[in-house]
Amino acid sequence: MLDHLFTLIAGRVAALAGQPIAFVLALTVIALWGLTGPIFHYSDTWQLVVNTATTIITFLMVFLIQNSQNRDSAAMQAKLDELLRAVREARVQFIGIEHKTDREIEAIRAALEEECAHEDARERAVTASVRKLRARY
C-alpha cells in the first residue's frame, strides 16, 4: 500500500517537475525573491528563506529522482531480459547480470568487445577473399 502510494506520488511529482512550466515557476520565485531583497534590506532572514527552501526541495527531489531511475532501470532490465529469452541466438546467461559486481560486469563487457573484434576481423578476411575471387572471374 505505502509502496504503491509513494510510486504514484513520486511519478506525478517527477512528471510535473520535468515540465517547462516548473522551470518557469522556479525561475519566477527566485526572481521575486531577488527583487524583494531591497525591501528586506538583504537581511539574514531574507537569505535564510531561499536557502532553506531550496535545500529542502533539493533534498526531497533526490529521493524522487532516484525512485524514478530505479523503476526505469528495473523496467528496462526486464525488457532486455525478455528479449534475451525470446531471441533464439541470444545467450541467456546474460539475463540478470545487472546483479553482478562492477568488476564482473566489466570483465563480461571486455570479453564481448574482444569477441566482436575477432568476429569483425574474420568478416573482413572473408569479404577480402570474396572480392579476390570475384576479381578473378
Side-chain angles (χ1 to χ4, degrees):
M1 172 73 176
L2 183 62
D3 189 40
H4 179 69
L5 181 63
F6 178 76
T7 300
L8 180 69
I9 292 169
R12 287 192 179 160
V13 171
L16 289 172
Q19 297 296 316
I21 190 69
F23 175 77
V24 171
L25 181 62
L27 187 61
T28 302
V29 168
I30 294 300
L32 289 173
W33 170 80
L35 291 172
T36 62
I39 296 169
F40 294 103
H41 308 289
Y42 301 100
S43 69
D44 290 343
T45 303
W46 173 81
Q47 292 179 33
L48 188 61
V49 167
V50 79
N51 288 338
T52 303
T54 56
T55 300
I56 290 170
I57 291 168
T58 302
F59 178 76
L60 295 174
M61 287 304 291
V62 165
F63 292 101
L64 293 177
I65 291 167
Q66 188 62 52
N67 178 266
S68 293
Q69 286 183 333
N70 289 348
R71 275 187 289 110
D72 289 348
S73 179
M76 183 68 70
Q77 288 303 321
K79 291 174 185 179
L80 290 171
D81 288 348
E82 173 59 12
L83 288 172
L84 285 172
R85 189 197 60 76
V87 175
R88 185 171 307 198
E89 294 84 20
R91 292 177 270 187
V92 295
Q93 65 265 29
F94 288 113
I95 293 176
I97 67 168
E98 68 273 11
H99 302 293
K100 294 190 178 298
T101 66
D102 289 343
R103 284 187 184 186
E104 291 171 322
I105 292 172
E106 182 58 34
I108 291 167
R109 194 174 71 76
L112 283 171
E113 288 176 356
E114 185 176 329
E115 184 180 315
C116 288
H118 292 305
E119 287 175 5
D120 287 345
R122 276 186 253 137
E123 188 175 316
R124 285 191 301 271
V126 169
T127 302
S129 297
V130 169
R131 283 187 191 143
K132 287 180 185 177
L133 287 173
R134 285 185 180 161
R136 284 187 192 166
Y137 301 105

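Since this is a predicted model, take the numbers as computed values, not measurements. Residues take their numbers from the sequence shown, with the count starting at 1.
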Gap between atom CD1 of Ile57 and atom CG of Leu64 - 0.5 Å precision:
11.5 Å
If you measure only the distance, is there a donor-acceptor pair under 3.5 Å linking the side chains of Gln47 and Asn51?
no
How many angstroms lie between atom CD1 of Ile108 and atom CD1 of Ile97, to the nearest 0.5 angstrom?
4.5 Å
Please answer whether the main-chain N or O of Asp3 pairs with a side-chain N or O of Thr7 as donor and acceptor at a distance below 3.5 Å.
yes
Tyr42, Ile39: one ILVMFWY side-chain cluster at the under-4.5 Å cut-off?
yes
Criterion side chain to side chain contact (heavy atoms under 4.5 Å, CB included) on Asp81 and Glu98, from CA distance to verdict
CA-CA 10 Å; Asp81 288 348; Glu98 68 273 11; 4.1 Å; yes
Is any side-chain heavy atom of His4 less than 4.5 Å from a side-chain heavy atom of Ile9?
no
Pairing of Arg109 and Glu106 as salt bridge, 4.0 angstrom limit
yes
Measure the CG-CD1 distance between Leu35 and Ile30 for me, rounded to the nearest 0.5 Å.
11.5 Å
Quick check on the hydrophobic clustering: are Leu112 and Val92 connected, directly or via other members, by side-chain heavy-atom contacts under 4.5 Å?
yes
Just verifying a value: how many Å separate Leu80 CG and Phe94 CZ, rounded to the nearest 0.5 Å?
12.5 Å
Calculate, to the nearest 0.5 Å, the distance between atoms CG and CZ belonging to Leu84 and Arg91 respectively.
10.0 Å
Tell me whether Met61 is reachable from Leu25 by hopping between hydrophobic residues (I, L, V, M, F, W, Y) whose side-chain heavy atoms are closer than 4.5 Å.
no
Just verifying a value: how many Å separate Phe6 CZ and Asn67 CG, rounded to the nearest 0.5 Å?
4.5 Å
Using atom types as modelled and distance alone, determine if a side-chain donor or acceptor of Thr36 lies under 3.5 Å from a backbone N or O of Trp33.
yes
Atom CZ of residue position Arg71 - does it have more than 12 heavy atoms of other residues, nucleotides or ligands inside 6.0 Å?
yes
Side-chain (Glu104) to main-chain (Thr101) donor-acceptor, under 3.5 angstrom:
yes
Find out if a path of hydrophobic residues (ILVMFWY) with successive side-chain heavy-atom gaps under 4.5 Å connects Val13 to Phe63.
no
Where Ala17 and Ala22 come nearest, the two heavy atoms and their spacing
O-CB, 3.6 Å
Under a 4.0 Å threshold between the charged nitrogen and the carboxylate oxygen, would Glu82 count as salt-bridged to Lys79?
no
If you count the non-hydrogen atoms of other residues, nucleotides and ligands that lie under 6.0 Å from CG in Asp102, is the total more than 12?
no
Under a 4.5 Å side-chain heavy-atom rule over Ile, Leu, Val, Met, Phe, Trp and Tyr, are Val24 and Leu27 clustered together?
no
Count the heavy atoms belonging to other residues, nucleotides or ligands that lie under 6.0 Å from CE of Met76, then report whether that count exceeds 12.
no
